[in-house]
Trainee: 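First the structure, which I've put down as structure tokens, then a few questions once you've had a look.
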2 protein chains.
Amino acid sequence: MARQREFDEDKVLDAIRDVFWEHGYEGTSYANIMAATGLQKGSLYAAFGDKRALYQKAIARYDAQIVSGAVKMLRNENLSPHIRIKNLMNGPVEAAGTREGRKGCLLCNAAIDQAASDKETENSVTLSINRLKDAIRFAVNDAAKAEHILAAYFGARVLVKAGMGKSTLEIIRNQTLLSL
Amino acid sequence: MARQREFDEDKVLDAIRDVFWEHGYEGTSYANIMAATGLQKGSLYAAFGDKRALYQKAIARYDAQIVSGAVKMLRNENLSPHIRIKNLMNGPVEAAGTREGRKGCLLCNAAIDQAASDKETENSVTLSINRLKDAIRFAVNDAAKAEHILAAYFGARVLVKAGMGKSTLEIIRNQTLLSL
DNA sequence: AACATACTTGACTAATTGGTCAAGAATAAT
DNA sequence: ATTATTCTTGACCAATTAGTCAAGTATGTT
């Protein structure tokens with residue numbers, strides 16, 4: 001009945017997710033998004049809405065892809081609790097020092113730079129964090145330990161952003177495993 | 001020999017620190033800074049330099065005031081190691097849920113939103129973090145534990161930003177103390 | 001082939017951004 | 001009182017910001 005889209009919506013949303021992931025909400029301009037997606041403003045607005053909506057979609061996508069991946073792993077009973085937490089804490093270890101890794105965790109980034117000032121972001125971030133926390137609790141079967149592991153995980157992500165090296169992150173991972 | 005300054009430099013620098021603390025680098029505009037300090041752009045430029053320089057001064061001030069305060073407490077041998085770490089972890093507990101507290105930790109905020117893209121910020125943040133880490137190590141007398149406590153501390157700050165309540169932060173504090 | 005529909009493009013806007021500068025105002029030394 | 005020096009003010013600037021829109025283009029249905 002009408003002209004069809006020329007772009008691959010999944011690829012475009014991935015690109016949008018990546019831009020916000022790396023530069024944050026305020027740090028990302030339309031020029032960045034247009035460059036990353038190859039689309040013009042008009043198409044972006046027509047397809048996804050305004051900047052805030054794009055940011056929300058980026059977070060939702062991160063949740064559906066990255067957080068869900070972690071949750072699935074943490075709930076995999078074929079793996080020992082120890083190995084599941086080790087896998088979780090290996091994320092920051094592998095991220096340390098690399099360009100890609102220093103994008104950090106979008107959840108953590110959004111919490112710091114938007115959650116306190118934007119209710120909608122606060123809601124999405126809270127939901128995702130709780131999903132992750134529940135999965136950790138499922139893995140370690142201890143609510144208090146789960147909170148502590150979650151904190152260590154986010155702290156590790158902050159330290160990677162700050163530029164700390166792999167060896168520091170390995171220590172944090174190992175120390176986290178000792179608490180199990 | 002010449003006209004004297006009409007403003008109190010300390011108060012102005014505190015105001016600048018607070019604005020960046022609450023809104024981050026990109027989230028802060030000159031309009032914000034002018035409103036917070038009561039000064040005109042010309043005066044700000046003449047006295048402190050450009051926006052980047054203001055941000056650096058804000059971080060330096062946070063280090064000299066807040067980080068130094070924590071370091072001093074952590075190195076106070078009149079307090080037991082347990083009480084010193086408890087004091088540290090009480091920061092996020094008391095911050096949880098309050099408007100003021102949700103400004104978070106400027107160190108942590110700067111790590112997330114500028115350290116990966118601005119070398120100068122990375123340097124200042126790294127220095128401050130290491131100062132804090134060394135003080136924790138001094139308190140607990142264990143390098144690996146110190147790294148882990150630091151991570152839990154930063155993670156706690158992220159969770160406060162995300163909007164988690166006091167009870168969550170209390171659990172994290174208590175769990176951190178258990179690891180001593 | 002004609003039409004209805006939806007997509008794409010790029011020019012456009014009003015507001016805001018960080019930053020500059022000249023003119024005037026206040027002060028201390030002479 | 002004059003002068004040299006520094007501070008303050010607000011107008012100004014070019015660039016960028018997010019967001020709009022009309023015109024043109026492609027497509028599936030009839």
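Quick caveat: nothing in here was measured; it's all calculated off a predicted structure. In the text below, chain A, chain B and the rest are named by the order of the sequence lines, each starting its count at 1.
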Trainee: Take atom CZ of A/Phe48 and atom P of D/dG19, then tell me their distance rounded to the nearest Å.
Mentor: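 Those two atoms, CZ and P, are 15 Å apart.
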
Trainee: What residues form a salt bridge (Lys or Arg N to Asp or Glu O under 4.0 Å) with B/Lys133, not counting sequence neighbours?
Mentor: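 Only B/Glu147 meet the salt bridge (Lys or Arg N to Asp or Glu O under 4.0 Å) criterion with B/Lys133.
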
Trainee: When you check every protein heavy atom under 4.0 Å of nucleotides 20-25 of chain C, what one-letter string (B, S, -) results, 5' to 3'?
Mentor: BB--BB

Trainee: For B/Glu6 and for B/Arg52, locate the closest nucleotide of DNA chain C by heavy-atom distance; then report the residue assigned to the nucleotide nearer the 5' terminus.
Mentor: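 Upstream on the strand: B/Arg52.
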
Trainee: Mind checking what makes side chain to side chain donor-acceptor pair (under 3.5 Å) contact with B/Thr121, not counting sequence neighbours?
Mentor: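 For B/Thr121, the residues satisfying side chain to side chain donor-acceptor pair (under 3.5 Å) (neighbours in sequence not counted) are B/Gln56, B/Asp118.
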
Trainee: Test: side-chain hydrogen bond (donor to acceptor under 3.5 Å, both in side chains). Region: residues 60-74 of chain B. Which pairs qualify, not counting sequence neighbours?
Mentor: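 Only B/Asp10-B/Arg61, B/Asp14-B/Arg61, B/Asp14-B/Gln65, B/Arg17-B/Gln65, B/Asp63-B/Ser128, B/Asp63-B/Arg131, B/Ser68-B/Arg131 qualify under side-chain hydrogen bond (donor to acceptor under 3.5 Å, both in side chains).
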
Trainee: B/Gln40 side chain N/O closer than 4.0 Å to the phosphate oxygens (OP1, OP2) of D/dT8?
Mentor: no

Trainee: For A/Glu9 and C/dT8, what is the distance between atoms CD and P respectively, to the nearest whole Å?
Mentor: 11 Å

Trainee: Just to verify, what does B/Phe20 make a ring pair (Phe, Tyr, Trp, His ring centres under 6.0 Å) with, not counting sequence neighbours?
Mentor: B/Tyr55

Trainee: Is there any side-chain hydrogen bond (donor to acceptor under 3.5 Å, both in side chains) pair reaching into residues 136-145 of chain A, and which pairs are they, with sequence neighbours excluded?
Mentor: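 Those involving residues 136-145 of chain A are A/Asp134-A/Arg137.
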
Trainee: Whole Å only: how far is the CG atom of A/Leu44 from the P atom of D/dG19?
Mentor: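 Going from A/Leu44 (CG) to D/dG19 (P), I get 11 Å.
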
Trainee: Any side-chain hydrogen bond (donor to acceptor under 3.5 Å, both in side chains) involving residues 161-170 of chain A? Give me the pairs, sequence neighbours left out, ordered by first then second residue.
Mentor: none

Trainee: Return the set of residues passing side chain to side chain contact (heavy atoms under 4.5 Å, CB included) with A/Glu26 (not counting sequence neighbours), or none when no residue passes.
Mentor: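 Listed in chain order: A/Gln114, B/Glu26.
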
Trainee: Can you list, in residue-number order, the parts of residues 13-34 of chain A that come under 4.0 Å of DNA chain C, counting heavy atoms only?
Mentor: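 When residues 13-34 of chain A is checked for heavy atoms under 4.0 Å from DNA chain C, there are no hits whatsoever.
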
Trainee: Report yes or no: is the cationic atom of A/Lys57 (NZ for Lys, CZ for Arg) under 6.0 Å from the centre of the six-membered ring of A/Phe48, at an angle within 45° of the ring normal?
Mentor: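 That pair does not qualify as a cation-pi contact.
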
Trainee: Would one find a side-chain N or O of B/Gln4 under 4.0 angstrom from OP1 or OP2 of C/dA28?
Mentor: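 Checking C/dA28 against B/Gln4, a side-chain N or O does come within under 4.0 Å of OP1 or OP2.
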
